Amino acid sequence: MQEIMNNKSINEYLSIFKQYQNLGKKSLERLSEKELNYHPDKDSNSVALIVKHLHGNMLSRWTNFLEEDGEKTWRHRDQEFESSVLSISEVNELWETGWNLLFETLSNLNDSHLKEIVYIRSEPHTVEQAILRQIAHYSYHVGQIVYLAKWLSGTNWESLSIPKGASEAFNINKQQKK
């Protein structure tokens with residue numbers, strides 16, 4: 001992935017993060033409180049717990065990003081996965097708070113920061129590597145959220161991208177707009 005992403009700018013990375021934030025937000029908006037807290041089985045996470053984990057990760061990684069290790073001593077990662085029932089407003093607050101910190105932090109960087117060294121769990125990363133690590137991590141969990149939201153919605157699901165069976169028409173439409 002890094003080879004594909006090399007030579008990107010902070011603004012391009014911000015754009016990628018915003019795509020995942022939007023995809024997740026659209027999925028969250030389609031779920032009831034009961035659905036947000038649904039566990040497919042005893043070893044699986046609910047959408048609410050995934051959001052709780054993303055929130056904890058984002059606060060830890062993006063707080064004092066250039067100055068401190070990305071795994072903060074005040075973070076209690078295992079507690080992020082402890083079962084709890086969260087309201088829709090609590091889930092939305094966690095979602096927005098985490099993403100807002102990420103966007104604020106990245107907006108205060110410029111492209112010259114990309115080669116600086118930061119630490120995550122005492123391991124050195126360039127800023128660019130740390131950003132790519134988080135893109136991969138967040139896209140993984142947003143994918144889980146989308147999958148669970150789709151599964152919980154059943155036949156009521158409206159595609160967030162190109163619906164099944166509509167690729168050819170989508171491509172023709174794109175070509176005609178050129």
Side-chain angles (χ1 to χ4, degrees), residues 1 4-5 8-41 43-63 65 70 77 80-109 130-178:
M1 181 169 149
I4 295 169
M5 302 294 289
K8 296 287 184 192
S9 71
I10 293 292
N11 287 333
E12 289 170 305
Y13 291 132
L14 274 166
S15 176
I16 293 167
F17 278 121
K18 286 179 182 175
Q19 289 173 340
Y20 285 109
Q21 180 212 27
N22 189 45
L23 191 60
K25 185 171 181 61
K26 285 181 179 178
S27 297
L28 294 175
E29 289 170 349
R30 297 174 183 202
L31 298 175
S32 68
E33 188 170 306
K34 183 179 178 183
E35 291 168 329
L36 284 169
N37 290 285
Y38 175 79
H39 291 261
D41 60 51
D43 294 322
S44 295
N45 295 314
S46 66
V47 169
L49 286 184
I50 295 168
V51 170
K52 195 168 137 181
H53 167 63
L54 282 169
H55 174 261
N57 179 277
M58 288 175 176
L59 292 185
S60 186
R61 296 297 183 266
W62 302 108
T63 298
F65 176 64
R77 183 183 180 279
E80 296 164 14
F81 297 103
E82 289 178 5
S83 189
S84 58
V85 175
L86 300 175
S87 69
I88 290 172
S89 62
E90 288 171 317
V91 170
N92 289 334
E93 176 67 23
L94 292 173
W95 184 260
E96 292 302 322
T97 302
W99 286 103
N100 287 343
L101 178 60
L102 178 157
F103 294 137
E104 180 184 331
T105 301
L106 286 186
S107 294
N108 287 318
L109 300 179
I131 289 170
L132 291 170
R133 176 179 171 149
Q134 296 317 114
I135 288 172
H137 184 217
Y138 301 159
S139 66
Y140 170 80
H141 287 305
V142 168
Q144 291 175 320
I145 291 168
V146 172
Y147 180 81
L148 280 169
K150 181 179 180 190
W151 183 77
L152 288 163
S153 298
T155 58
N156 295 326
W157 182 256
E158 291 181 33
S159 179
L160 297 172
S161 62
I162 304 167
K164 274 187 180 180
S167 296
E168 191 172 326
F170 179 84
N171 291 338
I172 289 169
N173 187 32
K174 285 293 248 187
Q175 290 169 354
Q176 289 174 347
K177 286 183 179 180
K178 280 186 177 181

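Remember, it's a predicted structure, so these values are computed and weren't measured experimentally.
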**Q** Side chains of R61 and R133: does their closest heavy-atom pair fall under 4.5 Å?
**A** yes
**Q** Which atom names give the shortest non-hydrogen contact between G24 and V142, and what distance separates them?
**A** N-CG1, 3.8 Å
**Q** Tell me the closest heavy-atom pair linking E80 and L49, and the distance in Å.
**A** O-CD2, 3.6 Å
**Q** To the nearest 0.5 Å, tell me how far I16 CD1 sits from S139 OG.
**A** 10.0 Å
**Q** Show the nearest heavy-atom pair for residues V91 and V51, with the distance to one decimal.
**A** O-CG1, 3.6 Å
**Q** Quiz question: by atom type and distance under 3.5 Å, do the side chains of S44 and D41 form a donor-acceptor pair?
**A** yes
**Q** To the nearest 0.5 angstrom, please state how far the NZ atom of K52 sits from the CG atom of L94.
**A** 8.5 Å
**Q** Charged N to carboxylate O below 4.0 Å: is that the case for E96 and K25?
**A** yes
**Q** Has the side chain of S27 got a donor or acceptor atom that lies under 3.5 Å from a matching backbone atom of A149?
**A** no
**Q** Would you say the side-chain atoms of Q134 pair up with the backbone N or O of I131, donor to acceptor, closer than 3.5 Å?
**A** no
**Q** Calculate, to the nearest 0.5 Å, the distance between atoms CH2 and CE belonging to W95 and M58 respectively.
**A** 6.0 Å
**Q** To the nearest 0.5 Å, tell me how far Y147 OH sits from L152 CG.
**A** 10.0 Å
**Q** Can you list everything that forms a ring-ring contact (aromatic ring centres under 6.0 Å, His included) with Y20? Sequence neighbours excluded, please.
**A** none
**Q** Contact between F65 and L109 at the side-chain level, heavy atoms closer than 4.5 Å - yes or no?
**A** yes
**Q** Would you find a donor on one side and an acceptor on the other, under 3.5 Å apart, between the side chain of T63 and the backbone of S60?
**A** no
**Q** Considering non-hydrogen atoms only, spot the tightest contact between W157 and K150 and give its length.
**A** CE3-CA, 3.5 Å
**Q** What residue among N11, L102, L14 forms side-chain contact (heavy atoms from CB on, under 4.5 Å) with S107?
**A** L14
**Q** Would L28 and I145 count as a side-chain contact (heavy atoms from CB on, under 4.5 Å) if you check the C-alpha gap in whole Å, the side-chain angles of each, and the deciding distance to 0.1 Å?
**A** CA-CA 8 Å; L28 294 175; I145 291 168; 4.1 Å; yes
**Q** If you count heavy atoms of other groups shown closer than 6.0 angstrom to CD of E158, is the number above 12?
**A** no
**Q** Between F17 and W99, what is the ring plane arrangement, given parallel below 30°, perpendicular above 60°, and tilted in between?
**A** perpendicular
**Q** Are the side chain of S87 and the backbone N or O of E90 linked by a donor-acceptor pair below 3.5 Å?
**A** yes
**Q** Would you say H55 and T97 make side-chain contact, with heavy atoms under 4.5 Å?
**A** yes
**Q** H141 vs N45, test: side-chain contact (heavy atoms from CB on, under 4.5 Å). Steps then yes/no.
**A** CA-CA 11 Å; H141 287 305; N45 295 314; over 6 Å; no
**Q** Could you work out, with ring-ring contact (aromatic ring centres under 6.0 Å, His included) as the rule, every residue matching F81, not counting sequence neighbours?
**A** H53
**Q** Hey, what do you get for CZ (F103) to CG (L101), rounding to the nearest 0.5 Å?
**A** 11.0 Å
**Q** On a heavy-atom basis, which atom in L148 and which in S46 lie closest, and how many Å separate them?
**A** CD1-C, 4.5 Å
**Q** Looking only at heavy atoms, what is the nearest atom pair of A48 and N37, with distance?
**A** CB-OD1, 3.5 Å
**Q** Can you tell me how far the CG atom of N57 sits from the OH atom of Y138, to the nearest 0.5 Å?
**A** 4.0 Å
